[in-house]
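The figures here come from the full heavy-atom set of this structure, side chains too, leaving out hydrogens, waters and symmetry mates.
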Amino acid sequence: MNELQKFYPVTAQAKAHTFFDKPKYQELYQQSISNPDQFWAEQANEFLDWYKPFESVTNVDFHKADIEWFKGGQLNVSYNCIDRHLTERGEQTAIIFEGDEPSDTQNISYNELHEQVCKFANVLKQRGVKKGDTVCIYMPMIPEVGYAMLACARIGAVHSVVFGGFSTESIKARIQAADCKVVITADESVRGGKNIPLKANVDAAVTECPNVHSVIVVERTGADVAWNDETDVNYQQAMATVSSICEPEVMDAEDPLFILYTSGSTGAPKGVVHTCGGYLLYAAMTHKYVFDYRDGDIYWCTADAGWITGHSYIFYGPLANGATTLVFEGVPTYPDAGRCWDMVERHKINVFYTAPTAIRALMGIGDEYVLDKDLSSLRLLGSVGEPINPEAWHWYYEIVGKSNCPIVDTWWQTETGGILITSLPGSAGMKPGAAGLPFFGVQPVIVDKEGNEQDGEARGALVMKGSWPGQMRTLYGDHERFHQTYFSQCAGYYYTGDGAQRDKDGYYWILGRIDDVLNVSGHRLGTAEIESALVLHPKISEAAVVGYPHDIKGQGVYAYVTLMHDEVESEELIVELKALVAKELGSFSKPDLIQWAPGLPKTRSGKIMRRILRKIAENDLGTLGDTSTLADPSVVEDLIERRLLR
Ligand code: WTA
């Protein structure tokens, strides 16, 4: 531990504001562990409105990967996020929207949100969408993406939001995997002054999705887009003709709310399934306590709706709590690097939640963009998606937060639905780079290679003992893979795929993925997916992808590619390969570096030894480790010779 990682006690401001000081946190945490059923029953009744009370709290068997919460309970997520707030806060702003251009802003009240969501729900019904149907949402960050999600929730349809940066091929794969019959999109999205042709991407995708009968298109830019009268529906026109009354569908606690595809270490992306009751409770409760949320706060999470952070902490958690949540269409560097701080000043943001990659990028551009803004409204800062390096932490804490705002470094995953590890502000001091202590009801465990629990200070694989309400329930259409991926490595525990270290104070330091998943700019990328894209090129016979440390992105993508016999290396081919990955997966997955590899280091059984490839990519040659199991050790010498970083 170095000077930058010293301990920061709870700030005076946080102490005065917090829901939980240290003794209170400890007491409630103990209760949540020793009597979880009683604890969660109380929370479920405090945070949510139920049509019918649940009969039991937990039915969980990790050995079978069977997880149920609040059995017998009935509720509707859209009712909980909207309707129940109307008498008290109908006129309060639910969503502040800011477009790509700073002058393009709009406040949407809870009453307006209600009207839009009911109408959209009726549009979906008109197109035949029923409870249990799956709907694909491929949208810009505009209020309509929230309306679309909530409209699905209202009628019991299951949404699958696909990040707007994904390519045609990725959309197609996700539509097919979840068998979506309806797609919601926009003509174009606008980011950093550039227009992105969403509708055209969907058009290309659905040519191979025969089951899609409706494509609902929001006019965002008014661009001229191709139109198919049979399938395409103009959103604005359809909204003008439907009723604004739509009773929420009564849903069982365990009915699915959404599917969200995420990258795994092998194979096709995994369709993570979250259900109505437990997910909403966990999103709402963590939003309130982690961000110390109070009525009247203006809250901004910079994530995209296409990722879990956007689901839980732009829409579901904040809206369940009746909060004012900001939806931002643009990027932090447009029109200049002061955009976020300008928005904090203009909208008087109290809580700001972003990713280390954004912090590092802004930090690199210079302090002057921050220092000329009035950031006095800020009370709390959050970080998510990857470990925050101490340098970025200090910049965030001192330059943005003026050493007055606690930083919550929140560790969680698509699979966990909400934040599992972060020290609650006011209840524990901060250590830059450590996520900190577990949330209520969460029992992190460190295990060694044999799966034995480690006590005290320890380092190893991070697993979870016992369930929490926001935990995913299955992988869409593949419960066996769910069991295999998360519950077979370490029997009886949920396997996170991350490594972690627990220090003497019980703080957890996340060490990153221990599987073949990369974390690039806080986005999860599967090495297998990128490799599959690269080998689609007719001149490429084999590819292996690893991560390497990258100043801004956290990790960069480093690809080793082997040419087909008789093909020659060229700069043009490198450009083609990068473009191919962008086309197949989206440009955020593009390799940063591509190295020619006449051979790849393989074991005698043919398994690529990524450990060695990682070391070569990182230019860390001192510790290549054991190469004796390699079929042909000379391959390694050659790759070292050709390495790109020195
Ligand atoms: C990583 C994003 C360190 C981790 C919410 C995890 C983090 C993966 C942190 C999940 C953090 C997320 N510190 N690492 N605060 N937050 N991660 O599914 O490796 O997109 O397994 O969910 O991001 O990424 P996902």
- Query: What's the spacing between Ile216 CD1 and Asp232 CG if we round to 0.5 Å?
  - Reply: 10.5 Å

- Message: For Lys52, is there an ion pair with Glu55 - N to carboxylate O distance below 4.0 angstrom?
- Response: yes

- Item | Val545 backbone acceptor or donor facing Glu531 side chain under 3.5 Å | yes

- Task: Decide yes or no for Ile184 and Leu124: does some side-chain heavy atom of the first lie under 4.5 Å from some side-chain heavy atom of the second?
- Result: yes

- Query: What distance do Asp61 atom CG and Lys64 atom NZ have between them, rounded to the nearest 0.5 Å?
  - Reply: 5.0 Å

- Message: With a 6.0 Å cut-off on the ring centroids, do Tyr486 and Tyr494 count as close?
- Response: yes

- Message: Before we go on, tell me: are the rings of Tyr313 and Trp412 under 6.0 Å apart, centre to centre?
- Response: yes

- Message: Nearest 0.5 angstrom please: Leu113 CG to Leu319 CG, how far?
- Response: 6.0 Å

- Message: If you apply the rule ring-ring contact (aromatic ring centres under 6.0 Å, His included), what do you find for Tyr353 with Trp300, and how did you get there?
- Response: CA-CA 6 Å; Tyr353 188 31; Trp300 180 19; over 10 Å; no

- Determine the interplanar angle of the His274 and Tyr279 rings, folded into 0 to 90°, and report it as parallel if under 30°, tilted if 30 to 60°, perpendicular if over 60°. tilted

- Query: Looking only at atom types and distance, does a side-chain atom of Asp515 sit under 3.5 Å from a main-chain N or O of Val517, one as donor and one as acceptor?
  - Reply: yes

- Item | Lys/Arg N to Asp/Glu carboxylate O, Asp83 vs Arg154, below 4.0 Å | yes

- Is a side-chain donor or acceptor of His523 paired with a backbone partner of Ser589 at a separation under 3.5 angstrom? no

- Query: Can you name the nearest heavy-atom pair linking Val162 to Cys136, along with the distance?
  - Reply: CG2-SG, 3.9 Å

- Query: Hey, what's the ring geometry for Phe163 with Phe588, parallel, tilted or perpendicular (30° and 60° as the breaks)?
  - Reply: perpendicular

- Message: Using a strict threshold of under 4.0 Å (side-chain N to carboxylate O), is an ion pair present between Lys199 and Asp187?
- Response: no

- Message: Between Lys172 and Glu208 (salt bridge meaning N to carboxylate O under 4.0 Å), is one present in this structure?
- Response: yes

- Query: Do Trp50 and Tyr79 make the cut of ring centroids closer than 6.0 angstrom?
  - Reply: no

- Item | Ring centre gap for Tyr508 and Trp411 strictly below 6.0 Å | no

- Query: Does the side chain to side chain contact (heavy atoms under 4.5 Å, CB included) test come out yes or no for Glu453 and Val445, once each step is laid out?
  - Reply: CA-CA 7 Å; Glu453 280 198 26; Val445 171; 3.4 Å; yes

- Item | Approximate separation, where rounding is to 0.5 Å, of Glu42 CD and Phe47 CZ | 12.0 Å

- Query: Between Thr134 (side chain) and Ala178 (backbone), is there a donor-acceptor pair under 3.5 Å?
  - Reply: yes

- Message: Keeping Thr325 on the side-chain end and Ile314 on the backbone end, is there a donor-acceptor pair under 3.5 Å?
- Response: yes

- Message: Can you confirm whether the side chains of Glu529 and Ser263 place a donor and an acceptor under 3.5 Å from each other?
- Response: yes

- Task: Check each of Tyr493, Tyr495, Phe62 against Phe487 using the ring pair (Phe, Tyr, Trp, His ring centres under 6.0 Å) test, and report the only one that passes.
- Result: Phe62

- Message: A side-chain contact here means heavy atoms from C-beta on lying under 4.5 Å apart; do Pro248 and Val250 qualify?
- Response: no

- Query: Could you walk me through whether His159 and His311 pass the ring-ring contact (aromatic ring centres under 6.0 Å, His included) check?
  - Reply: CA-CA 11 Å; His159 59 70; His311 283 60; 5.5 Å; yes

- Are any side-chain N or O atoms of Asn321 and backbone N or O atoms of Ala284, one a donor and one an acceptor, separated by less than 3.5 Å? yes

- Message: Within this structure, what is the OG1-CD distance for the pair Thr496 and Gln489, rounded to the nearest 0.5 Å?
- Response: 10.0 Å

- Query: Side chains of Leu326 and Tyr299: does their closest heavy-atom pair fall under 4.5 Å?
  - Reply: no

- Task: Without swapping roles, check the side chain of Gln555 against the backbone of Asn519 for a donor-acceptor pair under 3.5 Å.
- Result: yes

- Query: Is the distance between the ring centroids of Tyr138 and Phe166 under 6.0 Å?
  - Reply: no

- Looking only at non-hydrogen atoms, find the nearest pair between Gly132 and Val158 and report the distance. O-CG2, 4.1 Å

- Short side-chain donor-acceptor distance under 3.5 Å, Gln471 and Tyr282: no

- Item | Criterion side chain to side chain contact (heavy atoms under 4.5 Å, CB included) on Leu198 and Glu188, from CA distance to verdict | CA-CA 5 Å; Leu198 298 188; Glu188 294 182 318; 5.8 Å; no

- Task: Spell out, as yes or no, whether a donor-acceptor pair under 3.5 Å connects the side chain of Arg473 to the backbone of Ala65.
- Result: no

- So, Thr354 and Thr302: side-chain donor and acceptor under 3.5 Å apart, yes or no? yes

- Query: When rounded to the nearest 0.5 angstrom, what is the spacing between OG1 in Thr485 and CD in Glu480?
  - Reply: 9.0 Å

- Query: Hey, what's the ring geometry for Trp69 with Trp40, parallel, tilted or perpendicular (30° and 60° as the breaks)?
  - Reply: perpendicular

- Message: So that I can tick it off, tell me whether Asp516 and Arg610 are bridged by a salt bridge, with the cut-off set at under 4.0 angstrom between side-chain N and carboxylate O.
- Response: yes

- Contact summary for Ala253 and Leu75, nearest pair of heavy atoms: CA-CD2, 4.0 Å

- Query: Counting distance only, does the side-chain N/O of Asn80 pair as donor-acceptor with the main-chain N or O of Asp49 below 3.5 Å?
  - Reply: yes

- Message: Would you call the rings of His287 and Phe291 parallel, tilted or perpendicular, taking 30° and 60° as the class edges?
- Response: tilted

- Closest non-hydrogen contact found for Asn122 with Cys246 is OD1-CB, 3.7 Å

- Task: Indicate yes or no: at least one non-hydrogen side-chain atom of Leu518 is less than 4.5 angstrom from one of Arg513.
- Result: no

- Query: Are Val581 and Leu534 side-chain neighbours, meaning at least one heavy-atom pair lies under 4.5 Å?
  - Reply: yes

- Test side-chain hydrogen bond (donor to acceptor under 3.5 Å, both in side chains) on Thr275 and Asp255 and set out the steps. CA-CA 5 Å; Thr275 56; Asp255 280 335; over 6 Å; no

- Passes side chain to side chain contact (heavy atoms under 4.5 Å, CB included), Ser167 versus Lys583? Steps please. CA-CA 6 Å; Ser167 69; Lys583 173 173 165 286; 5.6 Å; no

- Task: Salt-bridge test for Glu415 and Arg524: reply yes if a basic N is under 4.0 Å from a carboxylate O, no otherwise.
- Result: yes

- Query: Does atom CD of Gln236 have more than 12 heavy-atom neighbours, drawn from other residues, nucleotides or ligands, at distances under 6.0 Å?
  - Reply: yes

- Non-hydrogen atoms of Val60 and Glu68 that approach each other most closely: CG2-O, 4.2 Å

- Given side chains that start at C-beta, do those of Glu386 and Ile510 come closer than 4.5 Å, heavy atoms only? no

- Indicate whether any N or O donor in one side chain lies under 3.5 Å from an N or O acceptor in the other, for Asn211 and Asp179. yes

- Thr410 side chain to Ile419 main-chain N or O, any donor-acceptor pair under 3.5 Å? no

- Side-chain donor-acceptor pair under 3.5 Å between Glu219 and Asn234, yes or no? yes

- Query: Where do Ser160 and Ile137 land on the side chain to side chain contact (heavy atoms under 4.5 Å, CB included) test, with the steps shown first?
  - Reply: CA-CA 6 Å; Ser160 162; Ile137 300 177; over 6 Å; no

